[in-house]
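In what follows, a single structure is set out as structure tokens and then discussed.
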Amino acid sequence: MTEQKITYDVVVVGAGPSGLATAIHLKQLCKKNNHDLSVCVLEKGAHVGAHILSGAVFDPNALTQLIPNWQTMAEPPPYFTPVTKDKLWYLTSKRAWTLPHLPGMANRHHYIISLGALCVWLARQAEQLGVDIFPGTAASQLLFDQHDRVCGIQTNPVGLDSQDQPTARYQAGIPIYSKQLVLAEGCRGSLSEQVIAHFQLRSSLPTYGLGLKEQWTVNNAYHQPGLVLHTVGWPLDRQTYGGAFIYHHQNHQLSVGLIVGLDYPNPYLDPFEELQKFKTHPAVRSFFTNGERIGYGARAIHEGGFQSIPQLSFPGGLLVGDAAGFLNVYQIKGSHNAIYSGIIAGQSLFKQLQAHTSPLPADDYYQQIKQQPFWRSLYLTRNIRPGFKYGLWPGLIHAAVDTLCLRGRAPWTLTHRIDHLVTRPARHDTPKQYPDPDYTLTFDKLSSIHLAHINHEANQPCHLKLRQPDLAIAINHRFYQSPETRYCPANVYEIVDHQGIPRLQINAQNCIHCKTCDIKDPKQNITWVPPEGGHGPNYINL
Ligand SMILES: Cc1cc2nc3c(=O)[nH]c(=O)nc-3n(C[C@H](O)[C@H](O)[C@H](O)COP(=O)(O)OP(=O)(O)OC[C@H]3O[C@@H](n4cnc5c(N)ncnc54)[C@H](O)[C@@H]3O)c2cc1C
Ligand code: SF4
């Protein structure tokens, strides 16, 4: 990309399942209708998949709709393990009780996959259809025309030092112009949130979770390829929504993770330490016998569901996948909805660009999305997540009544708690004690981020912006005992003693782009902006 002015019919920001499905379907329609459109996909990770982190149990129907012959292709997507057993447990500190699956929760005919590997495969399909994919390219700003319509993006400049001074490797950011911009940045996308705020697309704020994941190789008699295990309860307290998962892959690997709802009140809670604790439970620790941890990462997850989906299109573009909030938290799945929304976005954009009608007939994309079964499913499960704001047991009972008796048709819609407002001042709690790591089953954050293979130019400008730097001590430290030092899963935030005065140190080079600080800071004082393209974690098949 050396040209200073680059124009595409469609620019897609984000090479996750939603962005790649959009690009693939657009090009499929071009081929079918003999009408060419230029399409590119920008990805901030050094390579496609580098920033993708998911469970992942995958519902393949959306993939079949996008690429019907995916199973019989000469090179089908790798690492697909059919689900053979599907368990749900309630844990206390010593025991595990089996719970029944509620309707729509079970994972029949699904696969355990690496979503990162699937995205690499999808990117290959996209390139074969003529999509230009630019990894290592972070879209950092929206471009507007004189009518306040989005007309493209600006990429990040590369090679600025921490004083915003150009260094020897300096390269200015590049504007990339689009007839239509597709924001496929996933959960809490920075441009997506800007567009939502600018055009006031959202009427109800979402809630989020933080998902942490480790990948292990294991060689023991307890490994059961195809086993999907979800748990609720211990180690999380009853005021904290969340649960753990263990997925057994075919290739002697397993994925273990914990998702913690960010509307938790106790500022001393440390999601990373809760995951470490989870692995020590007597009912699961044997799975890790003779095992070696080979991967680690974390990513925020959109738990807002139906009531916090914003308007889906804006002048000059639209939102797909988790950027629009299509994850179904009840099913703990979003990648199939990401692909479905990409397919619909592709159809809608093709219709518009082929007919040269601008803007798109009002809200064609929204109207089509509303016809999809996944939209109905999001509607019918909308009250389940907010039901847990009353605690674990009331939440479970409410979920059972809502699904079994009301079948999702309650005449009300519950609202979410606002994550950053729920955190209570530290004086109401006592510090949580977590056991020391044994470096066999349990670990600390620093040795963990080593497995995220982070690449980050140390002297580039800090991409974690404090609106008011003094609040870090005056509010966060004084009233909340600096919760960012605990919720951040990568040890980015540290309180250091500076001649007897506490000071916040930001180790931005450790950041794994989970976006939690952008969500959970009590005063919304931290803004995450994309760092230089190609930086951040380099996940391998997460
Ligand atoms: C711990 C965890 C477990 C999960 N488990 C499951 C599961 O079992 N099953 C399931 O179906 N779903 C699961 N999900 C959800 C699923 O991963 C998401 O729904 C899905 O990845 C959403 O796809 P997406 O394309 O919208 O966004 P993403 O997959 O997040 O992809 C977005 C891409 O855009 C890139 N990007 C973002 N901003 C920019 C920018 N400004 N410039 C350039 N590139 C950018 C990112 O680097 C990323 O590659 C899980 C999620 C988590 C965190
Ligand atoms: S600094 Fe923020 S975005 Fe980066 S890893 Fe920590 S919490 Fe996540």
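None of these values were measured; they are calculated from a predicted model. Read the numbers this way: they start at 1 and go in the same order the structure lists the ligands and their atoms.
In terms of protein heavy atoms, atom 27 (O) of ligand 1 is closest to Gly186 CA, 3.2 Å. Nearest protein heavy-atom contact of atom 21 (O) of ligand 1 is Leu115 CD2, 3.3 Å. Shortest contact from atom 45 (C) of ligand 1 to any protein heavy atom: Lys44 CG, 3.7 Å. Taking atom 7 (C) of ligand 1 as the reference point, the nearest protein heavy-atom neighbour is Ile332 O, 3.3 Å. In terms of protein heavy-atom proximity, atom 48 (C) of ligand 1 is closest to Glu43 OE1, 3.5 Å. Protein heavy atom in closest approach to atom 34 (O) of ligand 1: Gly14 CA, 3.0 Å. Looking at atom 51 (C) of ligand 1, its nearest protein heavy atom turns out to be Ile301 CD1, 3.7 Å. Residue, atom and distance of the protein heavy atom nearest to atom 5 (N) of ligand 1 are Gly55 N, 3.0 Å.
When each of Asn107, Asp59, Asn328 is checked for a side chain to side chain donor-acceptor pair (under 3.5 Å) with Lys333, only Asn107 meets the rule.
Taking the ring centroids of His302 and Tyr208, they lie under the 6.0 Å cut-off. You'll find the ring centres of Phe287 and His248 inside the 6.0 Å limit.
Note that CD of Gln368 and CD1 of Ile343 are 11.5 Å apart. Values are rounded to the nearest 0.5 Å. We find the CG-CZ distance between Asn266 and Arg486 to be 8.5 Å, quoted to the nearest 0.5 Å. The CD atom of Glu214 lies 10.5 Å from the CG atom of Leu258; values are rounded to the nearest 0.5 Å.
A search for ring-ring contact (aromatic ring centres under 6.0 Å, His included) contacts involving Phe272 returns Tyr296, not counting sequence neighbours. A search for salt bridge (Lys or Arg N to Asp or Glu O under 4.0 Å) contacts involving Lys445 returns Asp270, not counting sequence neighbours. Evaluation of the side-chain hydrogen bond (donor to acceptor under 3.5 Å, both in side chains) rule for Asp322 yields no partner, not counting sequence neighbours.
Each of the atoms 10 (C), 11 (O), 12 (N), 19 (O) of ligand 1 lies under 4.0 Å from some heavy atom of Ser335. Interface atoms of ligand 1 facing Leu327, defined by a heavy-atom separation under 4.0 Å, are 15 (C), 19 (O). Close approach of ligand 1 to Gly16 (heavy-atom distance below 4.0 Å) involves ligand atoms 25 (O), 31 (O), 33 (C). With ligand atoms numbered from 1 in the order given, ligand 1 contributes 26 (O) to contacts under 4.0 Å with heavy atoms of Gly321. Heavy-atom proximity to Gly211, at under 4.0 Å, picks out these atoms of ligand 1: 1 (C). Proximity to Trp528 (heavy-atom distance under 4.0 Å) selects the following atoms of ligand 2: 3 (S). Taking every non-hydrogen atom of His51 and a distance limit under 4.0 Å, the qualifying atoms of ligand 1 come out as 47 (O). Near Lys515, the atoms of ligand 2 lying under 4.0 angstrom from a non-hydrogen atom of the residue are 3 (S), 8 (Fe). Taking every heavy atom of Ala56 and a limit of under 4.0 angstrom, the matching atoms of ligand 1 come to 7 (C), 8 (O). Near Ser18, with a cut-off below 4.0 Å to any heavy atom, the atoms of ligand 1 are 24 (P), 25 (O), 26 (O).
In terms of polar-atom proximity, defined here as any N/O pair under 3.5 Å, Leu191 makes no such contact with ligand 1. Ligand 1 has an N or O atom lying under 3.5 Å from an N or O atom of Glu185, backbone or side chain. Considering backbone and side-chain N/O of Ser54, one or more are found under 3.5 Å from N/O of ligand 1.
Counting heavy atoms closer than 4.0 Å to ligand 1, residue Asp59 contributes nothing at all. The part of Ala338 lying near ligand 1 is the side chain, judged by heavy-atom distances below 4.0 Å. Contacts with ligand 1 closer than 4.0 Å are made by backbone heavy atoms (N, CA, C, O) of Ala184 only, the side chain lying farther away. Both the backbone and the side chain of Asp322 come within contact range of ligand 1, each with a heavy atom under 4.0 Å.
Under the 4.0 angstrom criterion for non-hydrogen atoms, Pro17 is in contact with ligand 1.
Between Lys520 and Thr423, the side chains place a donor N or O and an acceptor N or O closer than 3.5 Å (distance only, hydrogens not considered).
Geometric assessment of Arg382 against the ring of Tyr379 yields a positive cation-pi assignment under the 6.0 Å and 45° thresholds. A cation-pi arrangement, defined by a distance under 6.0 Å to the six-membered ring centre and an angle within 45 degrees of its axis, is absent between Arg385 and Tyr330. Because its NZ or CZ atom is both nearer than 6.0 Å to the ring centre of Trp528 and within 45° of the ring axis, Lys515 counts as a cation-pi partner of that residue.
Ring-plane geometry between Phe144 and His198 is classed as tilted, the angle between the planes lying from 30 to 60 degrees on a 0 to 90 degree scale. The aromatic rings of Tyr247 and His230 sit perpendicular to each other, their planes meeting at more than 60°, with 30° as the lower class boundary. Note: His463 and His513 have tilted aromatic rings, judged against thresholds of 30 and 60 degrees for the angle between ring planes.
When Ile52, Val529, Val57, Val13 are checked for heavy-atom proximity to atom 8 (O) of ligand 1, Val57 turns out nearest.
Salt bridge absent: Lys432 and Glu273 never bring a charged side-chain N and a carboxylate O closer than 4.0 Å. Using a 4.0 Å cut-off between charged nitrogen and carboxylate oxygen, Lys279 and Glu274 do not count as a salt-bridge pair.
A donor-acceptor contact shorter than 3.5 Å links the side chain of Ser114 to the backbone of Asn541.
Excluding waters, the count of protein N/O/S atoms less than 2.8 Å from atom 6 (Fe) of ligand 2 comes to 1.
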